2 protein chains.
Amino acid sequence: MTSRSAGSERPKAEPPQSAPPLTPGARRILDTAAELFYERGITATGVDTVAEAAQITKRTLYNRFGSKDALVTAYLRERDERWRALVTEAVEERAPGLPRLLAPFDVLTSWTASNSRGCAFVNALAELPDPAHPAHRVAAEEKKWLRALFVRLLGESGLKGRERGELADQLVCLHEGALVLHSLRPGPAALRPARAGARTLLRAKGIGAG
Amino acid sequence: MTSRSAGSERPKAEPPQSAPPLTPGARRILDTAAELFYERGITATGVDTVAEAAQITKRTLYNRFGSKDALVTAYLRERDERWRALVTEAVEERAPGLPRLLAPFDVLTSWTASNSRGCAFVNALAELPDPAHPAHRVAAEEKKWLRALFVRLLGESGLKGRERGELADQLVCLHEGALVLHSLRPGPAALRPARAGARTLLRAKGIGAG
DNA sequence: CCGTAGGTATACAGATCTGTAAAGGCAAGT
DNA sequence: ACTTGCCTTTACAGATCTGTATACCTACGG
(Lines give C-alpha, C1' and ligand atoms only; values in the text may rest on other atoms or scores of the structure.)
Protein backbone atom coordinates (compact mmCIF):
# COMPACT_ATOMS: atom_id res chain seq x y z
CA MET A 1 0.00 0.00 0.00
CA THR A 2 2.77 2.41 0.89
CA SER A 3 5.13 1.98 -2.02
CA ARG A 4 5.74 -0.31 -4.94
CA SER A 5 9.11 -1.71 -5.80
CA ALA A 6 9.68 -1.78 -9.53
CA GLY A 7 7.40 -0.25 -12.12
CA SER A 8 5.47 2.15 -9.94
CA GLU A 9 7.11 5.20 -11.44
CA ARG A 10 6.09 4.39 -14.99
CA PRO A 11 2.53 4.74 -16.28
CA LYS A 12 1.21 1.48 -17.61
CA ALA A 13 0.43 1.50 -21.30
CA GLU A 14 -3.09 0.16 -21.06
CA PRO A 15 -5.94 1.58 -19.04
CA PRO A 16 -6.40 -1.16 -16.46
CA GLN A 17 -8.73 -3.31 -18.47
CA SER A 18 -10.09 -3.13 -21.98
CA ALA A 19 -13.86 -3.13 -21.62
CA PRO A 20 -15.89 -5.73 -23.46
CA PRO A 21 -18.33 -4.16 -25.91
CA LEU A 22 -21.57 -3.15 -24.24
CA THR A 23 -25.07 -3.89 -25.44
CA PRO A 24 -27.10 -0.80 -26.35
CA GLY A 25 -29.01 -1.00 -23.11
CA ALA A 26 -25.89 -1.42 -21.04
CA ARG A 27 -24.37 1.55 -22.84
CA ARG A 28 -27.30 3.76 -21.95
CA ILE A 29 -27.27 2.52 -18.37
CA LEU A 30 -23.60 3.28 -17.95
CA ASP A 31 -23.88 6.74 -19.47
CA THR A 32 -26.83 7.60 -17.30
CA ALA A 33 -25.26 6.17 -14.17
CA ALA A 34 -22.06 8.07 -14.84
CA GLU A 35 -23.85 11.37 -14.96
CA LEU A 36 -26.04 10.69 -11.93
CA PHE A 37 -23.27 9.24 -9.79
CA TYR A 38 -21.06 12.18 -10.49
CA GLU A 39 -23.69 14.87 -10.23
CA ARG A 40 -25.69 13.64 -7.26
CA GLY A 41 -23.31 11.30 -5.51
CA ILE A 42 -23.00 7.55 -5.63
CA THR A 43 -24.72 6.52 -2.44
CA ALA A 44 -27.47 9.06 -2.95
CA THR A 45 -28.34 7.61 -6.35
CA GLY A 46 -30.42 4.45 -6.30
CA VAL A 47 -30.56 1.83 -9.00
CA ASP A 48 -34.23 2.58 -9.54
CA THR A 49 -33.34 6.16 -10.35
CA VAL A 50 -30.67 5.06 -12.79
CA ALA A 51 -32.96 2.57 -14.48
CA GLU A 52 -35.76 5.05 -14.87
CA ALA A 53 -33.49 7.78 -16.21
CA ALA A 54 -31.90 5.37 -18.65
CA GLN A 55 -35.34 4.17 -19.70
CA ILE A 56 -34.63 0.55 -19.07
CA THR A 57 -35.92 -1.85 -16.48
CA LYS A 58 -34.09 -2.64 -13.32
CA ARG A 59 -33.97 -6.25 -14.45
CA THR A 60 -31.85 -5.32 -17.44
CA LEU A 61 -29.53 -3.33 -15.26
CA TYR A 62 -28.90 -6.34 -13.06
CA ASN A 63 -28.63 -8.65 -16.04
CA ARG A 64 -25.89 -6.47 -17.52
CA PHE A 65 -23.95 -5.42 -14.45
CA GLY A 66 -24.83 -7.83 -11.69
CA SER A 67 -24.84 -5.37 -8.82
CA LYS A 68 -24.72 -1.71 -8.01
CA ASP A 69 -21.14 -2.02 -6.83
CA ALA A 70 -20.16 -3.44 -10.20
CA LEU A 71 -21.95 -0.60 -11.94
CA VAL A 72 -20.13 1.93 -9.80
CA THR A 73 -16.84 0.26 -10.60
CA ALA A 74 -17.61 0.26 -14.31
CA TYR A 75 -18.45 3.95 -14.08
CA LEU A 76 -15.13 4.83 -12.50
CA ARG A 77 -13.18 2.54 -14.78
CA GLU A 78 -14.58 4.10 -17.89
CA ARG A 79 -14.07 7.58 -16.56
CA ASP A 80 -10.51 6.72 -15.74
CA GLU A 81 -10.02 5.34 -19.23
CA ARG A 82 -11.35 8.48 -20.90
CA TRP A 83 -9.40 10.79 -18.68
CA ARG A 84 -6.15 8.98 -19.33
CA ALA A 85 -6.78 8.98 -23.06
CA LEU A 86 -7.46 12.69 -23.03
CA VAL A 87 -4.34 13.51 -21.05
CA THR A 88 -2.15 11.12 -23.00
CA GLU A 89 -3.30 12.63 -26.26
CA ALA A 90 -2.73 16.15 -25.02
CA VAL A 91 0.76 15.27 -23.88
CA GLU A 92 1.73 13.54 -27.09
CA GLU A 93 0.25 16.02 -29.51
CA ARG A 94 2.00 18.95 -27.98
CA ALA A 95 4.11 21.00 -30.33
CA PRO A 96 7.69 20.05 -29.56
CA GLY A 97 9.36 22.55 -27.29
CA LEU A 98 6.09 23.46 -25.67
CA PRO A 99 5.71 22.49 -22.03
CA ARG A 100 4.30 19.00 -22.11
CA LEU A 101 4.33 18.97 -18.34
CA LEU A 102 1.58 21.54 -18.32
CA ALA A 103 -0.65 19.56 -20.66
CA PRO A 104 -2.61 17.91 -17.83
CA PHE A 105 -3.44 21.36 -16.53
CA ASP A 106 -4.58 22.57 -19.92
CA VAL A 107 -6.79 19.54 -20.36
CA LEU A 108 -8.64 20.59 -17.24
CA THR A 109 -9.98 23.65 -19.01
CA SER A 110 -12.14 21.66 -21.39
CA TRP A 111 -12.71 18.81 -18.96
CA THR A 112 -14.17 20.97 -16.22
CA ALA A 113 -16.55 22.65 -18.61
CA SER A 114 -18.87 19.70 -18.05
CA ASN A 115 -17.50 18.53 -14.70
CA SER A 116 -17.95 21.10 -12.02
CA ARG A 117 -18.33 18.75 -9.11
CA GLY A 118 -14.66 18.22 -8.44
CA CYS A 119 -12.67 15.08 -8.97
CA ALA A 120 -14.90 12.04 -9.42
CA PHE A 121 -12.23 9.79 -7.96
CA VAL A 122 -11.71 11.84 -4.84
CA ASN A 123 -15.47 11.98 -4.43
CA ALA A 124 -15.68 8.23 -4.84
CA LEU A 125 -12.99 7.75 -2.21
CA ALA A 126 -15.04 9.93 0.09
CA GLU A 127 -18.13 7.81 -0.37
CA LEU A 128 -16.49 4.39 -0.46
CA PRO A 129 -14.00 4.24 2.38
CA ASP A 130 -13.57 0.50 2.22
CA PRO A 131 -10.21 -0.15 0.52
CA ALA A 132 -11.46 -3.58 -0.47
CA HIS A 133 -14.11 -2.05 -2.70
CA PRO A 134 -12.96 -2.40 -6.31
CA ALA A 135 -14.05 1.13 -7.07
CA HIS A 136 -11.72 2.29 -4.33
CA ARG A 137 -8.81 0.71 -6.10
CA VAL A 138 -9.70 2.29 -9.41
CA ALA A 139 -9.75 5.72 -7.83
CA ALA A 140 -6.44 5.20 -6.11
CA GLU A 141 -4.88 3.93 -9.34
CA GLU A 142 -5.91 7.02 -11.20
CA LYS A 143 -3.95 9.23 -8.83
CA LYS A 144 -0.93 6.99 -8.99
CA TRP A 145 -1.08 7.13 -12.76
CA LEU A 146 -1.05 10.91 -12.91
CA ARG A 147 1.90 11.08 -10.58
CA ALA A 148 3.74 8.49 -12.63
CA LEU A 149 3.05 10.52 -15.73
CA PHE A 150 4.58 13.59 -14.16
CA VAL A 151 7.55 11.55 -13.02
CA ARG A 152 8.11 10.27 -16.52
CA LEU A 153 7.87 13.69 -18.13
CA LEU A 154 10.15 15.19 -15.52
CA GLY A 155 12.62 12.44 -16.24
CA GLU A 156 12.54 13.32 -19.91
CA SER A 157 13.21 16.90 -18.94
CA GLY A 158 16.36 15.79 -17.22
CA LEU A 159 15.25 15.79 -13.61
CA LYS A 160 16.24 12.77 -11.57
CA GLY A 161 16.35 11.44 -8.07
CA ARG A 162 14.46 12.59 -5.05
CA GLU A 163 13.76 16.01 -6.48
CA ARG A 164 11.81 14.44 -9.28
CA GLY A 165 9.40 12.59 -7.03
CA GLU A 166 8.87 15.63 -4.90
CA LEU A 167 8.11 17.87 -7.82
CA ALA A 168 5.73 15.29 -9.22
CA ASP A 169 3.88 15.28 -5.91
CA GLN A 170 3.67 19.04 -6.00
CA LEU A 171 2.22 19.03 -9.48
CA VAL A 172 -0.35 16.48 -8.39
CA CYS A 173 -1.22 18.67 -5.42
CA LEU A 174 -1.76 21.70 -7.61
CA HIS A 175 -3.79 19.60 -9.99
CA GLU A 176 -6.08 18.26 -7.29
CA GLY A 177 -6.37 21.62 -5.68
CA ALA A 178 -7.44 23.16 -8.97
CA LEU A 179 -10.35 20.75 -9.13
CA VAL A 180 -11.40 21.63 -5.62
CA LEU A 181 -11.27 25.34 -6.36
CA HIS A 182 -13.21 24.79 -9.52
CA SER A 183 -15.94 22.95 -7.69
CA LEU A 184 -16.32 25.91 -5.35
CA ARG A 185 -16.35 28.58 -8.01
CA PRO A 186 -16.69 27.00 -11.45
CA GLY A 187 -15.06 28.74 -14.35
CA PRO A 188 -11.74 28.81 -16.16
CA ALA A 189 -10.41 31.37 -13.67
CA ALA A 190 -10.32 28.68 -11.00
CA LEU A 191 -7.76 26.72 -12.99
CA ARG A 192 -5.30 29.44 -13.90
CA PRO A 193 -3.50 29.76 -10.57
CA ALA A 194 -2.66 26.07 -10.41
CA ARG A 195 -1.24 26.12 -13.91
CA ALA A 196 0.78 29.22 -13.19
CA GLY A 197 2.00 27.68 -9.96
CA ALA A 198 3.11 24.59 -11.80
CA ARG A 199 5.08 26.72 -14.22
CA THR A 200 6.77 28.53 -11.40
CA LEU A 201 7.74 25.31 -9.67
CA LEU A 202 9.11 23.89 -12.91
CA ARG A 203 11.12 27.01 -13.60
CA ALA A 204 12.54 26.89 -10.11
CA LYS A 205 13.98 23.49 -10.99
CA GLY A 206 15.38 24.82 -14.22
CA ILE A 207 12.75 23.30 -16.43
CA GLY A 208 11.72 25.74 -19.11
CA ALA A 209 7.97 25.90 -19.36
CA GLY A 210 7.16 27.89 -22.45
CA MET B 1 -22.43 32.58 -4.98
CA THR B 2 -19.60 33.57 -7.27
CA SER B 3 -18.05 36.44 -5.37
CA ARG B 4 -18.72 38.68 -2.44
CA SER B 5 -18.41 42.43 -2.60
CA ALA B 6 -16.74 43.81 0.48
CA GLY B 7 -15.15 41.74 3.19
CA SER B 8 -14.56 38.54 1.31
CA GLU B 9 -10.79 38.85 1.47
CA ARG B 10 -10.70 39.15 5.24
CA PRO B 11 -11.25 36.24 7.60
CA LYS B 12 -14.10 36.89 9.98
CA ALA B 13 -13.10 36.97 13.59
CA GLU B 14 -15.67 34.50 14.86
CA PRO B 15 -16.19 30.98 13.61
CA PRO B 16 -19.59 31.32 11.95
CA GLN B 17 -21.62 30.74 15.05
CA SER B 18 -20.75 30.26 18.66
CA ALA B 19 -22.28 26.95 19.65
CA PRO B 20 -24.67 26.82 22.58
CA PRO B 21 -23.41 24.49 25.33
CA LEU B 22 -24.38 20.90 24.73
CA THR B 23 -25.97 18.51 27.14
CA PRO B 24 -23.81 15.51 28.03
CA GLY B 25 -25.85 13.28 25.77
CA ALA B 26 -25.67 15.71 22.88
CA ARG B 27 -21.93 15.99 23.39
CA ARG B 28 -21.49 12.26 23.09
CA ILE B 29 -23.75 12.10 20.07
CA LEU B 30 -21.82 14.80 18.28
CA ASP B 31 -18.44 13.25 19.03
CA THR B 32 -19.59 9.86 17.86
CA ALA B 33 -21.29 11.23 14.77
CA ALA B 34 -18.19 13.22 13.90
CA GLU B 35 -16.02 10.16 13.90
CA LEU B 36 -18.47 7.97 12.03
CA PHE B 37 -19.37 10.58 9.43
CA TYR B 38 -15.75 11.25 8.70
CA GLU B 39 -14.55 7.69 8.79
CA ARG B 40 -17.40 5.93 7.00
CA GLY B 41 -19.07 8.70 5.08
CA ILE B 42 -22.13 10.75 5.89
CA THR B 43 -24.77 9.09 3.76
CA ALA B 44 -23.50 5.65 4.62
CA THR B 45 -23.91 6.29 8.35
CA GLY B 46 -27.45 6.00 9.66
CA VAL B 47 -28.82 7.68 12.74
CA ASP B 48 -29.43 4.29 14.34
CA THR B 49 -25.75 3.53 14.02
CA VAL B 50 -24.82 6.84 15.57
CA ALA B 51 -27.26 6.41 18.43
CA GLU B 52 -26.09 2.92 19.22
CA ALA B 53 -22.40 3.85 19.09
CA ALA B 54 -23.03 6.86 21.31
CA GLN B 55 -25.02 4.71 23.69
CA ILE B 56 -28.05 6.93 23.65
CA THR B 57 -31.48 6.43 22.17
CA LYS B 58 -32.53 7.70 18.83
CA ARG B 59 -35.17 9.74 20.58
CA THR B 60 -32.54 11.74 22.39
CA LEU B 61 -30.68 12.30 19.19
CA TYR B 62 -33.75 13.81 17.60
CA ASN B 63 -34.60 15.78 20.71
CA ARG B 64 -31.18 17.40 20.68
CA PHE B 65 -30.57 17.92 17.00
CA GLY B 66 -33.93 17.71 15.30
CA SER B 67 -32.81 15.92 12.17
CA LYS B 68 -29.91 14.12 10.61
CA ASP B 69 -29.20 17.08 8.37
CA ALA B 70 -28.89 19.30 11.42
CA LEU B 71 -26.55 16.80 13.03
CA VAL B 72 -24.41 16.72 9.92
CA THR B 73 -24.31 20.49 9.88
CA ALA B 74 -23.34 20.61 13.54
CA TYR B 75 -20.58 18.12 12.86
CA LEU B 76 -19.09 20.21 10.09
CA ARG B 77 -19.53 23.44 11.99
CA GLU B 78 -17.66 22.17 15.00
CA ARG B 79 -14.94 20.70 12.87
CA ASP B 80 -14.59 23.99 11.09
CA GLU B 81 -14.40 25.77 14.42
CA ARG B 82 -11.65 23.52 15.72
CA TRP B 83 -9.68 23.67 12.55
CA ARG B 84 -9.77 27.44 12.43
CA ALA B 85 -8.75 27.69 16.05
CA LEU B 86 -5.82 25.37 15.47
CA VAL B 87 -4.60 27.25 12.42
CA THR B 88 -5.15 30.65 13.97
CA GLU B 89 -3.18 29.66 17.02
CA ALA B 90 -0.36 28.25 14.94
CA VAL B 91 -0.17 31.42 12.90
CA GLU B 92 -0.20 33.74 15.88
CA GLU B 93 2.20 31.83 18.07
CA ARG B 94 4.86 31.64 15.45
CA ALA B 95 8.21 33.03 16.43
CA PRO B 96 8.50 36.38 14.69
CA GLY B 97 10.54 36.16 11.54
CA LEU B 98 9.50 32.58 10.97
CA PRO B 99 7.28 31.94 7.98
CA ARG B 100 3.76 32.35 9.28
CA LEU B 101 2.48 31.60 5.82
CA LEU B 102 3.62 28.02 6.19
CA ALA B 103 1.88 27.53 9.50
CA PRO B 104 -1.26 26.01 7.95
CA PHE B 105 0.94 23.42 6.31
CA ASP B 106 2.70 22.60 9.54
CA VAL B 107 -0.58 22.20 11.34
CA LEU B 108 -1.47 19.45 8.88
CA THR B 109 1.24 17.26 10.31
CA SER B 110 -0.49 16.83 13.64
CA TRP B 111 -3.98 17.13 12.22
CA THR B 112 -3.62 14.31 9.75
CA ALA B 113 -2.26 11.97 12.39
CA SER B 114 -5.88 11.24 13.30
CA ASN B 115 -7.51 12.24 10.02
CA SER B 116 -6.39 10.10 7.15
CA ARG B 117 -9.54 10.23 5.11
CA GLY B 118 -8.83 13.50 3.37
CA CYS B 119 -10.57 16.79 3.86
CA ALA B 120 -13.89 16.39 5.66
CA PHE B 121 -15.28 19.42 3.90
CA VAL B 122 -14.38 18.26 0.44
CA ASN B 123 -15.85 14.88 1.31
CA ALA B 124 -19.00 16.55 2.54
CA LEU B 125 -19.28 18.52 -0.67
CA ALA B 126 -18.98 15.26 -2.56
CA GLU B 127 -21.82 13.70 -0.63
CA LEU B 128 -24.09 16.71 -0.38
CA PRO B 129 -24.23 18.32 -3.79
CA ASP B 130 -27.22 20.49 -3.01
CA PRO B 131 -25.89 24.03 -2.48
CA ALA B 132 -28.98 24.78 -0.41
CA HIS B 133 -27.93 22.26 2.21
CA PRO B 134 -26.56 24.16 5.21
CA ALA B 135 -23.69 21.73 5.53
CA HIS B 136 -22.74 22.60 1.98
CA ARG B 137 -22.38 26.23 2.94
CA VAL B 138 -20.24 25.40 5.95
CA ALA B 139 -17.84 23.43 3.80
CA ALA B 140 -17.61 26.18 1.21
CA GLU B 141 -17.02 28.78 3.89
CA GLU B 142 -14.12 26.83 5.30
CA LYS B 143 -12.30 26.99 1.99
CA LYS B 144 -13.01 30.68 1.60
CA TRP B 145 -11.66 31.27 5.07
CA LEU B 146 -8.35 29.57 4.39
CA ARG B 147 -7.89 31.52 1.20
CA ALA B 148 -8.71 34.75 3.01
CA LEU B 149 -6.16 33.89 5.66
CA PHE B 150 -3.47 33.43 3.04
CA VAL B 151 -4.50 36.69 1.42
CA ARG B 152 -4.19 38.52 4.71
CA LEU B 153 -0.80 37.05 5.53
CA LEU B 154 0.47 37.76 2.05
CA GLY B 155 -0.70 41.32 2.43
CA GLU B 156 1.28 41.62 5.64
CA SER B 157 4.28 40.33 3.75
CA GLY B 158 3.93 43.19 1.34
CA LEU B 159 2.27 41.47 -1.57
CA LYS B 160 -0.65 43.28 -3.13
CA GLY B 161 -2.96 43.24 -6.08
CA ARG B 162 -3.72 40.44 -8.47
CA GLU B 163 -0.54 38.56 -7.64
CA ARG B 164 -1.66 38.22 -4.08
CA GLY B 165 -4.94 36.53 -4.92
CA GLU B 166 -3.26 34.18 -7.34
CA LEU B 167 -0.62 33.11 -4.88
CA ALA B 168 -3.28 32.57 -2.23
CA ASP B 169 -5.11 30.28 -4.62
CA GLN B 170 -1.94 28.37 -5.28
CA LEU B 171 -1.31 27.86 -1.60
CA VAL B 172 -4.86 26.62 -1.17
CA CYS B 173 -4.34 24.21 -4.07
CA LEU B 174 -1.18 22.81 -2.52
CA HIS B 175 -2.94 22.54 0.80
CA GLU B 176 -5.90 20.61 -0.60
CA GLY B 177 -3.66 18.47 -2.69
CA ALA B 178 -1.64 17.53 0.35
CA LEU B 179 -4.75 16.18 2.02
CA VAL B 180 -5.61 14.13 -1.03
CA LEU B 181 -2.13 12.68 -1.18
CA HIS B 182 -2.25 11.93 2.49
CA SER B 183 -5.51 10.05 2.13
CA LEU B 184 -3.91 7.85 -0.51
CA ARG B 185 -0.71 7.16 1.37
CA PRO B 186 -1.02 8.31 4.97
CA GLY B 187 2.08 9.52 6.70
CA PRO B 188 4.03 12.74 7.21
CA ALA B 189 5.88 12.15 3.94
CA ALA B 190 2.70 12.93 2.03
CA LEU B 191 2.67 16.46 3.40
CA ARG B 192 6.26 17.49 2.81
CA PRO B 193 6.08 18.17 -0.92
CA ALA B 194 3.18 20.59 -0.56
CA ARG B 195 4.95 22.53 2.13
CA ALA B 196 8.14 22.66 0.12
CA GLY B 197 6.19 23.75 -2.92
CA ALA B 198 4.58 26.55 -0.96
CA ARG B 199 7.99 27.74 0.12
CA THR B 200 9.23 27.76 -3.43
CA LEU B 201 6.24 29.73 -4.65
CA LEU B 202 6.64 32.25 -1.85
CA ARG B 203 10.33 32.68 -2.56
CA ALA B 204 9.57 33.21 -6.22
CA LYS B 205 7.51 36.22 -5.20
CA GLY B 206 10.27 37.49 -3.00
CA ILE B 207 8.74 36.42 0.26
CA GLY B 208 11.35 34.96 2.52
CA ALA B 209 10.13 31.75 4.01
CA GLY B 210 12.55 30.79 6.67
C1' DC C 1 -38.05 -23.66 -37.44
C1' DC C 2 -35.92 -23.10 -33.39
C1' DG C 3 -32.90 -21.46 -29.90
C1' DT C 4 -30.72 -17.67 -27.98
C1' DA C 5 -29.80 -12.96 -26.56
C1' DG C 6 -31.48 -8.57 -25.24
C1' DG C 7 -35.00 -6.46 -23.37
C1' DT C 8 -39.90 -5.61 -21.17
C1' DA C 9 -43.39 -5.62 -17.34
C1' DT C 10 -44.93 -6.34 -12.75
C1' DA C 11 -44.53 -7.74 -8.37
C1' DC C 12 -42.30 -8.73 -4.31
C1' DA C 13 -38.89 -10.06 -0.45
C1' DG C 14 -36.17 -8.30 3.06
C1' DA C 15 -33.44 -4.90 4.85
C1' DT C 16 -32.61 -0.28 6.24
C1' DC C 17 -33.57 4.53 6.49
C1' DT C 18 -35.50 8.89 8.67
C1' DG C 19 -38.58 10.36 11.82
C1' DT C 20 -42.53 10.01 15.33
C1' DA C 21 -45.74 8.22 19.21
C1' DA C 22 -46.66 7.29 23.88
C1' DA C 23 -45.33 6.74 28.45
C1' DG C 24 -42.21 7.01 32.07
C1' DG C 25 -37.86 7.53 35.20
C1' DC C 26 -34.83 10.64 37.63
C1' DA C 27 -32.46 14.60 39.36
C1' DA C 28 -32.11 19.71 40.13
C1' DG C 29 -34.06 24.01 41.01
C1' DT C 30 -37.60 26.90 42.98
C1' DA D 1 -44.16 19.71 46.51
C1' DC D 2 -44.02 20.60 41.80
C1' DT D 3 -42.20 21.63 37.53
C1' DT D 4 -38.81 21.35 34.14
C1' DG D 5 -35.07 19.25 31.53
C1' DC D 6 -32.66 15.24 30.12
C1' DC D 7 -32.89 10.86 28.90
C1' DT D 8 -34.97 6.02 28.41
C1' DT D 9 -37.80 2.15 26.30
C1' DT D 10 -40.57 0.09 22.91
C1' DA D 11 -43.01 0.30 18.95
C1' DC D 12 -44.18 1.81 14.63
C1' DA D 13 -45.22 4.51 10.21
C1' DG D 14 -43.79 5.23 5.71
C1' DA D 15 -40.39 5.56 2.44
C1' DT D 16 -36.58 3.74 -0.09
C1' DC D 17 -32.92 0.57 -0.96
C1' DT D 18 -30.74 -3.60 -3.27
C1' DG D 19 -31.76 -7.58 -5.41
C1' DT D 20 -34.88 -11.49 -7.17
C1' DA D 21 -38.98 -14.13 -9.25
C1' DT D 22 -41.94 -14.97 -13.02
C1' DA D 23 -43.45 -14.56 -17.40
C1' DC D 24 -43.42 -12.60 -21.80
C1' DC D 25 -41.94 -10.19 -26.30
C1' DT D 26 -38.93 -9.64 -30.41
C1' DA D 27 -35.23 -9.96 -33.63
C1' DC D 28 -31.79 -12.82 -35.62
C1' DG D 29 -28.64 -16.47 -37.02
C1' DG D 30 -28.19 -21.45 -37.84
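Predicted model only: the values in this text are computed from it and were never measured. Residue numbering restarts at 1 for every chain, and letters A, B, ... go by the order of the sequence lines.
Nucleic acid contact for B/Thr60: base, since at least one base atom lies under 4.0 Å from a heavy atom of the residue. Across all strands shown, A/Asn63 has no heavy atoms under 4.0 Å from either base or sugar-phosphate atoms.
Think of the region where chain A sits on DNA chain D: with heavy atoms and a 4.0 Å cut, that region ends 5' and 3' at D/dT18 to D/dT22.
Looking at residues 24-41 of chain A, you'll see A/Pro24, A/Gly25 sit with a heavy atom under 4.0 Å from some atom of DNA chain C.
Of the two residues near DNA chain D, A/Arg59 and A/Ala44, the one whose nearest nucleotide lies more 5' is A/Ala44.
Look at A/Thr57 and you'll find a side-chain N or O under 4.0 angstrom from OP1 or OP2 of C/dT8.
Ring geometry for B/Phe150 against B/His175 counts as perpendicular: the plane angle is over 60°, on a 0 to 90° scale with 30° as the lower cut.
Under the 3.5 Å distance criterion, the side-chain polar atoms of B/Tyr75 are left unmatched by any main-chain donor or acceptor of B/Phe37.
Checking each of B/Asp31, B/Ile42, B/Thr49 against B/Leu36 for a side chain to side chain contact (heavy atoms under 4.5 Å, CB included) leaves exactly one that passes, namely B/Thr49.
As rounded to whole Å, 13 Å separates atom C1' of C/dG6 from atom CG of A/Leu22. For A/Tyr62 and C/dA9, the OH to P distance is 18 Å, given to the nearest whole Å. Atom CG in B/Asp48 sits roughly 14 Å away from atom P in C/dT20 (whole-Å rounding).
Annotation: cation-pi geometry satisfied between B/Arg79 and B/Tyr38 (NZ/CZ under 6.0 angstrom from ring centroid, within 45° of ring axis).
Taking only distance into account, the side chain of B/Lys58 meets the base of C/dG19 through a donor-acceptor pair shorter than 3.5 Å.
Side-chain contact annotation: A/Asp69 with A/His133, donor-acceptor N/O pair under 3.5 Å present.
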